[in-house]
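First the structure, in the form of structure tokens, and then the observations on it.
Here is how names work: the chains are called A, B, and so on, in the same order as the sequence lines, proteins then strands, and each is numbered from 1.
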Protein chains: 2
Amino acid sequence: MVSSHRLPSRARRPPRRGDRGQVPETRRERLLAAAADEFAARGFDGAKVDRIAARARVNKALIYYYFRSKAALYREVLLDVFRTVAGAVAAVRDVGGPPDVQLGGFVQAVADHTVRQPRFPNIWLREMAEGGRHVDESILMELRKVLETLGAILQEGKRAGAFVDANPFVTQMAIVAPLLLFSATAPVRERFKKLAPAHFSAIPRSVVVDHVRTATLAALAVPSPSSTRRPASRSRGESQ
Amino acid sequence: MVSSHRLPSRARRPPRRGDRGQVPETRRERLLAAAADEFAARGFDGAKVDRIAARARVNKALIYYYFRSKAALYREVLLDVFRTVAGAVAAVRDVGGPPDVQLGGFVQAVADHTVRQPRFPNIWLREMAEGGRHVDESILMELRKVLETLGAILQEGKRAGAFVDANPFVTQMAIVAPLLLFSATAPVRERFKKLAPAHFSAIPRSVVVDHVRTATLAALAVPSPSSTRRPASRSRGESQ
DNA sequence: GTCTATATTTTGATAGAC
DNA sequence: GTCTATCAAAATATAGAC
């Protein structure tokens, strides 16, 4: 046994994708997934490079080889997350249908996505609380796509006389924010389920989705002229 | 001037509050305020003890004297923030009035509070994204008070036949989440105002408040029997 | 109560062998 | 491409003088 067992120069297969079995992720992919987990769970500052490497079962130095820094890795994760969301909601437009159904589909798409990509709510919430410190233009573009999808639905609804005029950004926030927070609060609700009445802890996601859809559609509904509803009493105390 | 200028044992006035001028905060108070700023801006892990001390213009060691650790200081801030919110919304109940006005008042109270205590949205969002890691029972109690205030309003409305049955937690999230996110996103919207259409960047807070109130009231409204509105078409794709 | 060191650990990052 | 070893800079926390 001389040096015959010494592998020529490298045993690892080069970028050869094709024999894609089950979990034959590249190390780069493993790192991205592990990073998404860490960043979602701990935030940018709370996330530790060592922990990401450990989770990915890869050496720390590889992070700096593939990505340039912790911050760059984070931006990659951010972009990936938002790209996926943008894609998910865009699909709703392709399905088509009447505006109110499309809007329901939009709500459902976001909600479904919080299940399919559980890191997404925390990462979005955190990045916003962070003031969007790490949001660069490429990431912003993806966020805009989400907004444009909703904007198109709203405009179609308005053209059809089904919706009143509404600000897309505001509408989007009223839809997305509760869904994000619902996912994010799952751990606390679980932790304190002993202390809280049953209907505070065991809430099916569908109840939230229903509420958000109903509320949004109702807010967009064109008031029927025969309506007896008073015009939303303005209260004192206007803010800035 | 021998040693006559040497103060007996301490010059700093003890807990003597009363000559409360303008900014005669104790060092402890300065620390709490500075900590709230830091934690809101950077999160628990991102916040640095040195920076908090610097902001408060006091020595770092004082933090460990007054509070026991960074975590304990953070919990103090959390408790303070939530206690203040709970108090603000509770006031709405005292004012009274018909249920829909009270609910409008609740929305307005939360919105007003995001202005009066600008750290509140970020701190809340972050702590939730954190999975409520630092939420202990005392803090939970304050959160419950907020929920109980809303719950009482909803129940009163239901009794009066003005509201349909609704889950208080879900309703609360649909109200609070958009308001929090609106405040939190201010920096990003400002930063990218050049790239985004006008109505995405310059949104008055009142528009958000109006949307949230309108949507919530509409979702709670008892459907008039003569209504032609179809029962919120259920879309496929139910989530877990 | 308040400050000056300073100990101790953790962490992001890199050099260089294989 | 991947790993070992290691540095240098933070960052939390404390001891102890005043």
task: Check the distance between C/dT14's P and A/Asp50's CG and give it to me in whole angstrom.
output: 14 Å
message: If I take atom NZ in residue B/Lys48 and atom C1' in nucleotide D/dA13, what distance separates them, rounded to the nearest angstrom?
response: 14 Å
message: Looking at B/Glu38 and B/Arg55, is any side-chain nitrogen of the basic one under 4.0 Å from a carboxylate oxygen of the acidic one?
response: yes
message: Heavy atoms within less than 4.0 Å of DNA chain C: which residues of residues 61-76 of chain B have one? Give them sorted by number.
response: B/Ala61, B/Leu62, B/Tyr65, B/Tyr66
query: Going by an N to O cut-off under 4.0 Å, is there a salt bridge joining B/Asp210 and B/Arg213?
result: yes
- prompt: For A/Ala36, which residues count as a side-chain contact (heavy atoms from CB on, under 4.5 Å) partner, sequence neighbours excluded?
  reply: A/Val77, A/Arg119
task: Not counting sequence neighbours, which residues clear salt bridge (charged side-chain N to carboxylate O under 4.0 Å, His left out) with B/Arg144? List them please.
output: B/Glu148
Nucleotide C/dC3, atom C1' - distance to CZ of B/Arg30 in whole Å: 14 Å
- request: In whole angstrom, give the distance that lies between atom CG of A/Asn59 and atom C1' of C/dG12.
  value: 14 Å
- request: Determine: side-chain N/O of B/Arg27 to OP1/OP2 of C/dG1, distance under 4.0 Å, yes or no.
  value: no
- request: Check every strand shown and say whether B/Ala53 touches a base, only sugar-phosphate, or nothing at a heavy-atom separation below 4.0 Å.
  value: nothing
Whole-Å gap separating P (D/dT2) and CZ (A/Arg28): 12 Å
Within-4.5 Å side-chain heavy-atom neighbours: B/Tyr74 and B/Arg133: no
- prompt: Going by distance alone, is a donor N or O of one side chain under 3.5 Å from an acceptor N or O of the other, for B/Tyr66 and B/Glu29?
  reply: no
message: Please determine whether a side-chain nitrogen or oxygen atom of B/Arg51 lies at a distance below 4.0 Å from atom OP1 or OP2 of D/dA10.
response: no
Protein-nucleotide distance (A/Asp45, atom CG; D/dA10, atom P), rounded to Å: 14 Å
query: Start at the 5' end of DNA chain C and walk down; is the nucleotide closest to B/Lys60 or to B/Arg57 reached first?
result: B/Arg57
